Amino acid sequence: MTSQSLNVIALVSGGKDSFYSLLHCIQNGLRIVALANLHPPAPAATSADAQDEKDLNSFMYQTVGHEVIPLYAEATGLPLYRQSIDGGAKHHERDYAYDASEQGADETESMFTLLKAIKEKHPEANALCSGAILSTYQRTRVESIAGRLGLTPLAYLWKYTVLPSPVTPANEAQLLVDMEAAGLEARIIKVASAGLDESHLWERVSSTTGSNRVKQALRKFGAVDGASLGEGGEFETLVLDGPSCLFKKRIDVPEDGRLVVREGGGSTWLLTRGAQLQDKDTSNSDLTINSRVPELYDSKFAKVLEELTTRPKVALAKGVAGSEAKPLSSGGSLKNESTELFSWSFVSDDAFESGSITEETKKVVGKLKEALAKHSLDAGQLTTVVIILRNMADFPEINLEYGGLFKSPNPASRVTISCGNLLPEGRNILIYATAPPASNIQTRDGLHVQSRSYWAPANIGPYSQAIDIPITNNNVDLGLRSVYIAGQIPLIPRSMMLPTPSSTSLEEQITLSLQHLWRIGTQMKIQQWTSAVAYFDKAASETDMESRAHLASRAWHMMHAEPEEEDDNGVIDPWDLKYNTQYMSLASGADSKPRPLPDWEVFPMRQQNEPETCIPPFFAVEVEELPRQSAVEWHAHIGLSGLPETSTQLVSHDESQLGGWRSWHTLVRAEQGIFVHSALANIDDTAAASNLHAIVRDAQAKYKDSIRLLGAESLNVASEAPYLMYVDKRSTMFNEGASNVINLPCGIIPSHSIWAADGKRASSVAVFRLSLSSP
């Protein structure tokens, strides 16, 4: 759905964020059809005064200042619909899951009732705008309601604090300064934080002076980033006026109508009475909007794009960085006896015509369900899924059937590509999936942003941007985490559209989609990638594909080219401040700030001094087609977090050591064991094997040899299969037996061509993971 076709219901609380997000909707060409507000229940007739002087303190809704809300209808000329809040916050989980069978509704459900009524009066409404900046708690609840009502969620302020700033160094209160420039008048109506007191009430916070005063007051008490915006409930605001394109009249609250209410515990707020509308002289008003739209590219990615565009023929780096002397030889008696992650491959046993894609998908998804049930798992434990299609046009029907798997928040991350007629005959869909054993499921985390914003693409299907699970062995948590990120295509986040061909280039698509990968990775606190692939749609010629691979390889290398100063953009979700004991203090702990990506301090000093030896392996893979007819899709195999300093080595071996193969091993030492991720590539050897099972056996043998080169001769890895493998089409891959059954030895991605980082073609690439426990 294009931005121009969105008709928006705007959630307004009276606060600054909901109105500023509304202004961004208008600036992005959207039509506002109605305002929606939830307010505290009406007080009992016998206790009106007592009720008036008590704030509901909802964690979901702002309620202070609710008595002014009715004036917004005439002030803006937009229809306003209101409903009282029913119930309280029954669910304190960060991610919201609606349960129809539950007795007594969560306060979130009041929004459903209100919006459903608005949709009946405005059937053209198809989008919902909210002011979420950092609060996943609030955003996921709005998204849940929006999804159930068929509304596109919009959160243009999401992660605004980490987006490119117009000033250097970045001002943590830049959003408030931008509100001032847009003409938004927002005043503090409640304070509830050490450092803020009664003297800050009625301060115009949407101004340079007001924001500086608040920021300085909070800093005296070590406030976390985001506090200067009131994201942790430090203060709440009331909007009185805005640009003439929205506010036709101004709201005035007389001084004698502002009653200070002291609740105790540092919470003080204003009860407003006698608010009135004032006419504005709009005869010479400028109806344009001055809401700052952040630059599309972060500064480092803007540099990448400039380099790719102005210097397209820079020589590629070496494919293998060089080897080290047996880093596992002193590791003692290492064990790899348990399954750390199940890896499954599914294809229909029966051949189907292309028109029967729904029935074929049911068969394949049914196999996935059986595998999950066999291991006492459900779809909510899946970590990542790769879906390979014959025809990308089948994607909507497949999405419908596949999406039915998931009943809880944070579905598996996903990569979707089309490999055309490289799939086995009569098969139109292959699915590869991973999940940890039930005994290993400890703390599974996910990032599932469904709202459009300026930050990164929203979900356009039943998948999460990222899933994060612990790395374990023998049910022992190694203290490390692996993160699986969905494939990233170059959608412009605010519109969810690809750049128009007339105004874009391949360099831009490569850079933008890589930035999406980086932003999500940074949000998930990833410190290192293990390896990555850039998928490209079918090229016109081998020369064309070689050029594409060259550009993507350069972009990957530039993002790892040299250490950067630690980014100071770390922010804490307000949900953590309220419910997570690790963050239950005003000041942020040392672990709250994300490490940079890449984090050079995880490597020993000898590798830090040779940056080229720290670059994870990269491959360019040519397939048939990508989602939305994108030119490129980035797929990072695994992101690693929780890495201690000097814990990690990247060890590689070249063709002379492995008989025509190259290997790269990311090796991480933790207190409880060792994690090894390996990528192996068969360079320029398409005749070595022509049978799929033989190709996989060849990769397994080379993997065993490369593990020996690491010094772990005693490890039994002969039976270890790759969890994913790319095979060039020049090999004969899928062999059908007499029963017409396809036997997949592992996840196989059939490819038109595969390219290593130095521009050499590979006949196959295999990726393995290995978790080892210490004696």
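Note that the numbering runs from 1 along the sequence shown for the chain. Predicted, not measured: the structure shown is a model, and the values here were computed from it.
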Output, in order, the C-alpha distance, side-chain angles, deciding distance and verdict of side-chain hydrogen bond (donor to acceptor under 3.5 Å, both in side chains) for Gln527 and Ser641. CA-CA 5 Å; Gln527 295 163 274; Ser641 66; 5.5 Å; no

Are His637 and Thr530 close enough, and set up right, to give a side-chain hydrogen bond (donor to acceptor under 3.5 Å, both in side chains), and what steps lead you there? CA-CA 7 Å; His637 293 126; Thr530 57; 5.2 Å; no

Stepwise side chain to side chain contact (heavy atoms under 4.5 Å, CB included) check, Val765 with Leu680: CA-CA 6 Å; Val765 169; Leu680 285 85; over 6 Å; no

Check against side chain to side chain contact (heavy atoms under 4.5 Å, CB included), Phe536 and Leu506: CA-CA 10 Å; Phe536 290 93; Leu506 179 61; 4.1 Å; yes

Assess the residue pair Trp664 and Phe619 against the criterion (ring-ring contact (aromatic ring centres under 6.0 Å, His included)); give the C-alpha distance rounded to whole Å, side-chain angles, the decisive distance to 0.1 Å, and a yes or no. CA-CA 12 Å; Trp664 297 260; Phe619 307 95; 5.5 Å; yes

Before you tell me yes or no, could you show the steps for Leu422 and Ile749 under side chain to side chain contact (heavy atoms under 4.5 Å, CB included), namely the whole-Å CA-CA distance, both residues' side-chain angles and the distance that decides it to 0.1 Å? CA-CA 9 Å; Leu422 298 180; Ile749 297 182; over 6 Å; no

Could you walk me through whether Thr434 and Ser343 pass side-chain hydrogen bond (donor to acceptor under 3.5 Å, both in side chains), step by step? CA-CA 5 Å; Thr434 64; Ser343 295; 5.8 Å; no

Working note: Ser764 + Trp661, criterion side chain to side chain contact (heavy atoms under 4.5 Å, CB included); need CA distance, chi angles, decisive distance, verdict. CA-CA 10 Å; Ser764 61; Trp661 286 67; 3.6 Å; yes

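Of the possible donor and acceptor atoms, none in the side chain of Ser464 sits under 3.5 Å from a partner among the backbone N and O of Ile467. Using a distance-only test at 3.5 Å, with no hydrogens or angles considered, no donor-acceptor pair links the side chain of Arg390 to the main chain of Cys419. In this structure, the side chain of His557 engages the main chain of Ser553 through a donor-acceptor pair within 3.5 Å. A distance-only check finds no donor-acceptor pair linking the side chain of Ser356 to the backbone of Glu359 [under 3.5 Å]. No donor-acceptor pair closer than 3.5 Å links the side chain of Ser630 to the backbone N or O of Pro627. The backbone N or O of Arg662 sits nowhere less than 3.5 Å from a side-chain atom of Glu655 that would complete a donor-acceptor pair. In this structure, Asn391 contributes its side chain and Ala393 its backbone to no donor-acceptor pair below 3.5 Å. At least one donor-acceptor pair under 3.5 Å links the side chain of Arg444 to the backbone N or O of Asn410. Under the 3.5 Å distance criterion, the side-chain polar atoms of Gln607 are matched with a main-chain donor or acceptor of Thr613. A donor-acceptor pair under 3.5 Å links the side-chain atoms of Gln509 to the main chain of Ala631, judged by distance alone.
Between Glu625 and Lys538 there is no salt bridge, since none of the side-chain N atoms of the basic residue sits less than 4.0 Å from a carboxylate O of the acidic one. Remark: Asp468 engages Arg481 in a salt bridge, criterion side-chain N to carboxylate O under 4.0 Å. Salt bridge annotation for Arg761-Glu542: present, with a cationic side-chain nitrogen under 4.0 angstrom from a carboxylate oxygen. A salt bridge does not link Lys303 with Asp298: every distance from a Lys NZ or Arg NE/NH1/NH2 to an Asp or Glu carboxylate oxygen is 4.0 Å or more. Ion pairing between Lys367 and Asp349 holds under the 4.0 Å rule for side-chain N and carboxylate O.
Rounded to the nearest 0.5 Å, atoms OG (Ser751) and CE (Met545) are 9.5 Å apart. The distance from atom OG1 of Thr511 to atom CD of Glu306, rounded to the nearest 0.5 Å, is 11.0 Å. Rounded to the nearest 0.5 angstrom, Phe346 CZ and Leu430 CG are separated by 12.0 Å. Atom-to-atom distance recorded for Phe675:CZ and Ser771:OG is 7.0 Å, nearest 0.5 angstrom. With rounding to the nearest 0.5 angstrom, the CG atom of Leu650 is 5.0 Å from the OG1 atom of Thr666. To the nearest 0.5 Å, the span separating CD on Gln649 from CD1 on Ile674 amounts to 9.5 Å.
Summarising the geometry of Met392 relative to Pro396, their closest heavy-atom pair is O-CD, 4.3 Å, with the distance given to 0.1 Å. In plain terms, the two heavy atoms of Ile471 and Leu640 that are nearest each other are CD1-CD2, 4.0 Å. Minimum interatomic distance between Ile520 and Ala466 (heavy atoms only, all atoms of both residues): CG2-CB, 4.0 Å. The nearest pair of heavy atoms linking Ile489 to Ser513 is C-CB, 3.7 Å. The two residues Trp529 and Gly639 make their nearest non-hydrogen contact at CE3-CA, 3.9 Å. Smallest separation of non-hydrogen atoms from Val651 and Pro327: CG2-CG, 3.9 Å.
Residues Val696 and Pro745 meet the side-chain proximity criterion, which asks for heavy atoms closer than 4.5 Å. The shortest distance between side-chain heavy atoms of Leu498 and Leu491 falls below 4.5 Å. The side-chain heavy atoms of Asn428 and Leu423, taken from C-beta on, include no pair separated by under 4.5 Å. Arg548 is not listed as a side-chain neighbour of Leu551, based on a closest heavy-atom distance of 4.5 Å or more. Side-chain contact between Val533 and Trp634: absent, with no pair of heavy atoms (C-beta onward) separated by less than 4.5 Å. Using a 4.5 Å cut-off on side-chain heavy atoms (C-beta onward), Trp518 and Lys300 make contact. Using a 4.5 Å heavy-atom cutoff, the side chains of His665 and His677 are not in contact. Looking at Ser663 and Lys702, their side chains never come closer than 4.5 Å, going by heavy atoms from C-beta outward.
Side chain to side chain, Tyr402 and Tyr463 fail the donor-acceptor criterion of an N or O pair below 3.5 Å. There is a side-chain donor-acceptor pair under 3.5 Å between His752 and Glu624. For the 3.5 Å distance criterion, the side chains of Asn691 and Arg697 fail to qualify, holding no donor opposite an acceptor. Residues Thr384 and Ser413 have side chains that bring a donor and an acceptor to within less than 3.5 angstrom of each other. Side-chain contact of Trp755 with Ser753: a donor-acceptor pair under 3.5 Å is present, judged by distance alone. The closest side-chain donor-acceptor pair between Asn682 and Ser763 falls under 3.5 angstrom. Side-chain atoms of Asp350 and Ser348 form no donor-acceptor pair, as typed in the model, at a separation below 3.5 Å.
At most 12 heavy atoms of other shown residues, nucleotides or ligands fall within 6.0 angstrom of atom CD in Gln629.
Of the residues Leu389, Ile387, Val623, the one that meets the side-chain contact (heavy atoms from CB on, under 4.5 Å) test with Ile417 is Val623.
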